[in-house]
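Below is one structure, written out as structure tokens; the observations come after it.
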There are 4 protein chains.
Amino acid sequence: MTDGRTRRRDDTKQRLYDAAMELIAEHGFSSTTVDDIAVAAGVAKGTVYYNFPSKNALFEALLRHGVGLLTTDFRAAVAGAGTPPEQAVALIRAELAYIQRHRSFAQLLLSEMWRTNREWHQTLHLLRDEAVGVIAEVLERGVAEGHFDADLDVRMASAALFGVCLVVAVDWLVFEPDRSLESVQDSLIAVIRARVGI
Amino acid sequence: MTDGRTRRRDDTKQRLYDAAMELIAEHGFSSTTVDDIAVAAGVAKGTVYYNFPSKNALFEALLRHGVGLLTTDFRAAVAGAGTPPEQAVALIRAELAYIQRHRSFAQLLLSEMWRTNREWHQTLHLLRDEAVGVIAEVLERGVAEGHFDADLDVRMASAALFGVCLVVAVDWLVFEPDRSLESVQDSLIAVIRARVGI
Amino acid sequence: MTDGRTRRRDDTKQRLYDAAMELIAEHGFSSTTVDDIAVAAGVAKGTVYYNFPSKNALFEALLRHGVGLLTTDFRAAVAGAGTPPEQAVALIRAELAYIQRHRSFAQLLLSEMWRTNREWHQTLHLLRDEAVGVIAEVLERGVAEGHFDADLDVRMASAALFGVCLVVAVDWLVFEPDRSLESVQDSLIAVIRARVGI
Amino acid sequence: MTDGRTRRRDDTKQRLYDAAMELIAEHGFSSTTVDDIAVAAGVAKGTVYYNFPSKNALFEALLRHGVGLLTTDFRAAVAGAGTPPEQAVALIRAELAYIQRHRSFAQLLLSEMWRTNREWHQTLHLLRDEAVGVIAEVLERGVAEGHFDADLDVRMASAALFGVCLVVAVDWLVFEPDRSLESVQDSLIAVIRARVGI
DNA sequence: CATGAATGAGCATTCATTCAT
DNA sequence: CATGAATGAATGCTCATTCAT
């Protein structure tokens, strides 16, 4: 039955996604072999190529998948909070939580986001704009409504906010994995709020 | 003459460093071949193996070299400024300037810094502590002297500061390469200073 | 209905023949994939294996089919002409016409006819004898009836005649495809007739 | 020493040529693996790729090599004979002799010469013109000097002569390998000369 | 009758490493 | 001190074949 076949195929694709995500995040794209992915997904190597035209294509699909989830989380965070400052806090929490759940993907972004001349660079660029764009919207609204400094460089601020969460979260998961999400979130917000006075 | 030979050898090593840095930063470690490095350095492939025991060893030496330079710049920045807040600003400037000069190395750090299970992970970890440690010292002194909030999470703050500079700088060089160092620095400091009010 | 099903099955087989002939002739046996054949025939890959036990078997059937048609044409040409010399001309015309209609098959023969150690070599050998045999018969009769030189090496002459038509026809179709069949036929007969005087 | 290294490399290349020629002629291009070639040449697989950029490139070099030799033989045959008819006979003998020595190459030509859409088609086309061109020159001179029919289609005649030798020679080597070159040559010339009377 | 997802052996190609010169 | 020819294990990808539906 079509239904059965389709379900079977979707299963396979999902298992390949999961396996590839884990492996590529841990070892990087080039060091992850298609063989590894197949073994981890519990299928034959040919099955990878039956479901994706190439290793690159699988990776691109992966990026799309991962950033899509993140953007969805971002949108939900914004929708669930009231004022821009509250939304910003919600975004930070959402990003940290996402990274906690998909640590591997965060390492992937860190590795690939600013690397040019890769086949999937274009794809990643667009996806990034999608995700960071949600942050930028909030900051813009915050500026418009007088919550944030009027001359805030929104582009840089959103990139910086996105990036600092990324870096802090990954650092946390690598070096202090036992610390709780709440603790990290509180510290990070404190750091951002801190009148560092510089 | 020994002197001449040594100098010649150092030359070769330096050229290999430069070539490898450029290539690995641009394409990643796995995607850079020893052949590429040899060609870019203008030597035969065997020469790479005459000067370094392996590709991994070359890369470790590279990391040591690069982080060493950064740490030196950090120390100079601290020495050239008075109070901790001034030192912090000097550190930001130093990091941005370093990345501008060695953009490739920054991308390298971003890719490798938080990736475990690589042969050189240990090395990189130690080096990172060396560099980030300089930032931490300044923040600690700032807290001790009452410049910064007393309950500042210094560990996280220094990691965050290091990371945010890294991310902002790379983002700058990739997406707005024509912007000046000063402009970026000013914006970044403004963003950090901003009573974001969250 | 049995009739309907049979016809449908024959349709599928014919479409597979046509598709395979075209593709194998153009790209060779090894470079033609079963996938290509299925797509070109507009059926699923499994259908190829439902109708033929293997790719090799499909190819053998193809050879049988193609040479069978050629032999039939040869027989018709002989039957439609009077004396051996006239029959020889008719054979030349038949071969050229056949190749014009099935150019792909001619290229196939050229590639495979003299290649030993292929699974289907035996098959092809027998088929060849069938077709070239018709030419040989005509030449033999021509010798017996005094039309041709008494000491003609009939075996070689028939092979040579068969081959020269093959080569000339393929050359024509590849390099001067706009030339007419008649023109080629006339030139070829003139060349054969020519007292080259060597 | 450069000399030693160079000689060693040339040796390797020659051995690869020989091995590849034999194998590709016998089994065809697609069915011959680089592994086979390496084993037959007595080197490691990587060595093939150290000496040629790809399997295709090796094959193109092979074609150049083989047709080059044939053309040289053709030129020598023409130079060693007096009148165009004598030169034509010498060419036939040269072609038969060449094919006897390089039977594999002849099968190769038969398979590839009229196959379009292959990467090396262009190369082969040019090479063919070079070799067949020598025959055409002789025929042209023969016509000009009144040895051959004035309205001879030289283009076709040279292609036909080249092709008929090819076909006859291969047929000979496959089906009557014990027959002598002289015998075949005599029969072939007799066939060509025969007032077939068609 | 026909389908198409899945398989795994096989292939062209790459590349870190060795070593004779 | 430097070279570059040679190596062979590893890798991305192909494709004939199988089989559950």
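By convention in this document, chain letters (A, B, ...) are assigned in the order of the sequence lines, proteins followed by strands, and residues within each chain are numbered from 1.
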Q. Do Leu63(B) and Leu108(B) have side-chain heavy atoms sitting under 4.5 Å apart?
A. yes
Q) Using purine N1 to pyrimidine N3 plus N6-O4 or O6-N4 for Watson-Crick, or N1-O2 and O6-N3 for G-U wobble, each under 3.5 Å, what pairs with dT21(F)? A) dA2(E)
**Q.** Closest to the Tyr50(B) side chain, choosing from dT11(F), dC1(F), dG4(E)
**A.** dC1(F)
Q: Between Pro53(B) and Gly42(A), just flag the one whose closest nucleotide in DNA chain E comes earlier from the 5' side.
A: Gly42(A)
Q. When you measure from the side chain of Ala44(D), which nucleotide among dG8(F), dT3(F), dT17(E) comes out closest?
A. dG8(F)
Q: Write down the atom of Arg115(A), the atom of Ser111(B), and the distance for their closest heavy-atom approach.
A: NH2-OG, 2.8 Å
Q) Does the side chain of Asp18(D) come under 3.5 Å of the side chain of Gln14(D) through a donor N or O and an acceptor N or O? A) yes
Q: Taking only the side-chain nitrogens and oxygens of Thr47(D), find out if one of them lies under 4.0 Å from OP1 or OP2 of dT7(F).
A: yes
Q. Gln107(B) versus Glu26(B): any side-chain heavy-atom pair under 4.5 Å?
A. yes
Q: Quick one: label Val43(C) by what it contacts on the DNA or RNA (base, sugar-phosphate, nothing), any heavy atom closer than 4.0 Å.
A: sugar-phosphate
Q: Report the relative orientation of the aromatic rings in Trp120(D) and Phe59(D); use parallel for angles under 30°, tilted for 30 to 60°, perpendicular for over 60°.
A: perpendicular
Q) Can a side chain N or O of Asn51(A) be found less than 4.0 Å away from OP1 or OP2 on dA5(E)? A) no
Q) Is Ser54(B) near enough to dA16(E) that one of its side-chain N or O atoms lies under 4.0 angstrom from OP1 or OP2? A) no
Q | Counterpart base for dC11(E), defined by Watson-Crick or G-U wobble contacts under 3.5 Å | A | dG12(F)
Q: Using a 4.0 Å heavy-atom cut-off across all strands, classify Thr32(B) as base, sugar-phosphate, or nothing.
A: sugar-phosphate
Q: Answer yes or no: does a side-chain N or O of Tyr49(A) lie under 4.0 Å from OP1 or OP2 of dT14(F)?
A: no
Q: Give Lys55(D) one of three labels, base, sugar-phosphate or nothing, depending on what nucleic acid heavy atoms sit under 4.0 Å from its own.
A: sugar-phosphate
Q) Lys45(C) has a side chain; which of dA6(E), dA16(E), dA12(E) sits nearest to it? A) dA6(E)
(Q) OP1 or OP2 of dA2(E) versus the side-chain N and O atoms of Thr12(C): is any pair under 4.0 Å? (A) yes
